[in-house]
Amino acid sequence: MLPLKKSSSAPALVYLVYQKMSLSNVLPETVRRRGSMTKLFLVFLTLFFFTYISLLFSRYAIQGTDLGFLSASNPLTWIKNPDSSFSLNKELRDDGGRRSSHVSSSARDFVGYESVSILMPAWEVLLIVSPEAPPLLKAPVGGGGDGGGLYCLFSNNATSEARYAGVLPFTNRTSFKCEMPKNARRQRPYIQPVLTESPAVVVQSSPSVQESQANKKEMIRNTFFVYESLSTENDVILFVKGVNHRQGINRTPDEFRCVFEDGQKTTVKTAVTSSVQEVFRCHHPDLTAFGPNTNTNIKVSLEIATENRAVPSVALYAPTTATTAPARRTIVNREPKKLLCACTMVYNVAKYLREWVTYYSKLGVEKFILYDNDSDDNLTEIVNELNRDGFDVTTLLWLWPKTQEAGFSHNAVFSNDTCRWMMYMDVDEFVFAPSWINESQPSDQLLRSLYLNEKSLYVGQVSFRCNDFGPSDQLTHPVEGVTQGYTCHRWVAQQRHKSIVLLDAVDDSLVNVVHHFGLKRGFRWKHIGPESAVVNHYKYQAWPEFKAKFRRRVSAYVVDWRESLNPKSKDRTPGLGFEPVEPKGWSKMFCDIRDDRLKLLTRKWFGIGTGSKMVWQQRRR
């Protein structure tokens, strides 16, 4: 054996192995035998060390075009499943006392459905099923809002029930949600679970399982991914979380490329033309690069060219040519535009919706568009009732957390083909003008007079200041409605406002802040004074209703109330801490001015007889 000198080119660990091997020439045979085992161990340790370091430093590099998309070639993953007579051989409990089942039994083949997983807040996992999945998973299954006997199988064999979460409206893909078991949270990295028909154990000896294990990917984090795309005639819009982190501070478009990929790993990159907030615009790809048999499920992501990596993506691209474009993700004009529509992002607002829709429909709002942020109340039932009663209410499932600004940007493009003006107002916000008090009946001209009149030339946006109403001695939700129950508001110079926007006037960047948009050059922003009109914002409601706001704030740039960051934020409630604990005297807080003008007006317009019942408390016949 030739001597090896220690140098900078010879790692210390390799040099140590060499020394150990050299000593074997002068040691007794029994010691040499023991040393042989040591050699093998040290060689294995060296190889493991260098492999680990290589993987660590290459983790975020772009390998070919691997963007973490859904697999289009194989929507089914074959693994082993206990037969029909299986039983759990033991039942374990994780740290939270929640049952986490591990199974061990004889097995037979069964199908695990190909999906992509996003780790959402509060350890919730969202699974989006491949577009090529069997028809069973392309429609609600099981009934009652559950997953119909589906489970999430995690990498440590822990399972949790999968809940049906709905069909994503712009890509027609089915989604499920499940909770990540606590014993699975201890293992890093977090590997994407398998959606299965029953709790299952992965049998390592199966070749198909070994292939599945080798292809496992980490779960996408909800703080960094491409979650939606939208095609216009001229460009493609991506909605991306975690790139432009701070409001008002945006990275330049030349730092990025849009990346389009088909099922055959053919990739096309196009230039990004706009980068503002979570909205990125880029050119359409040249579809001829994908060949004559272009797969309509073309994946799209955002490449950060300066960092040599791609943002994980669950978005699909919709071509705009007549022969290939699925209408679900493009803008198609099929009827004359409505003059005024209303848009809001909602979570569990079913009990408020009928009052809000009834009020605004009588004032001239023709269509209501709800971006549903994963409601679990009876929202669908109420929306169906409203549509049967003659209202025009559309619900779009929008599962992405803390994306209110992006949702409104999406709506400004998506609805521009059906609506001329859009009112961005929450379901607890009601525009009121003092001049309406003398009106015996509501009219569609009342609201129109505020944003569309002889003084409205080149006006692209009209904004109203808010009066924030307090609990007004209410202990529970008033059954007659918020306009009847809350009659007391704060005496402060209001910072917040809400707007009605001309969609053609919205700036191409789609930038918006607190319910108002940036406008194209040539359009002006009109502010309505409180003497002309104001928004009654029933913000601080009875405590059982108000504490729901602790779940999560919808804005991308507002800290959730449970976090101790930015305690002086104007979004926070004065006198409230970081936990949903009712402050003493809550029912009487924020009551500086008694204001029952809208209560009396809505009583006159919508009251039934001489009693206290309102029309929104009963369905139309």
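Note that the numbering runs from 1 along the sequence shown for the chain.
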Check against side-chain contact (heavy atoms from CB on, under 4.5 Å), Thr174 and Tyr164: CA-CA 8 Å; Thr174 305; Tyr164 173 72; 3.7 Å; yes

Measure up the [X] and [Y] rings against each other and bin them: parallel (under 30°), tilted (30 to 60°), perpendicular (over 60°).
| X | Y | result |
| --- | --- | --- |
| Phe256 | Phe280 | perpendicular |
| Phe414 | Phe170 | perpendicular |
| Tyr227 | Phe225 | tilted |
| Trp436 | Phe432 | perpendicular |
| Tyr190 | Trp123 | perpendicular |
| His410 | Tyr371 | perpendicular |
| His477 | Tyr352 | perpendicular |

In Tyr360, Tyr359, Trp356, the residue satisfying ring pair (Phe, Tyr, Trp, His ring centres under 6.0 Å) with Phe368 is Trp356

Passing candidate, ring pair (Phe, Tyr, Trp, His ring centres under 6.0 Å) with His497, options Phe464, Trp525, Tyr424: Trp525

Sequence neighbours left out, what passes salt bridge (charged side-chain N to carboxylate O under 4.0 Å, His left out) with [X]? Give chain and number order.
| X | result |
| --- | --- |
| Asp392 | Lys367 |
| Arg597 | Asp595 |
| Asp426 | Lys498 |
| Asp372 | none |

No-hydrogen, no-angle side-chain donor-acceptor test under 3.5 Å, Thr232 and Asn234: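 No, because no side-chain N or O of Thr232 sits under 3.5 Å from a partner of the opposite role on Asn234.
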
Ring centroids only, cut at 6.0 angstrom: are Tyr540 and His489 within range, meaning strictly under it? no

Can a salt bridge be assigned to the pair Lys241 and Glu278 using a cut-off of 4.0 Å between side-chain N and carboxylate O?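 Yes, charged N to carboxylate O under 4.0 Å.
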
N/O donor-acceptor pair under 3.5 Å between Ser175 side chain and Gly166 backbone: yes

Test item: Ser449 side-chain N/O and Leu446 main-chain N/O as donor-acceptor pair under 3.5 Å: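 Indeed, once roles are kept as given, a pair shorter than 3.5 Å links the two residues.
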
Who pairs with Lys351 by side chain to side chain donor-acceptor pair (under 3.5 Å), at least two apart in sequence or on another chain?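 Side chain to side chain donor-acceptor pair (under 3.5 Å) list for Lys351, sorted by chain: Glu545.
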
Partners of Asn222 by side chain to side chain donor-acceptor pair (under 3.5 Å), sequence neighbours excluded? none

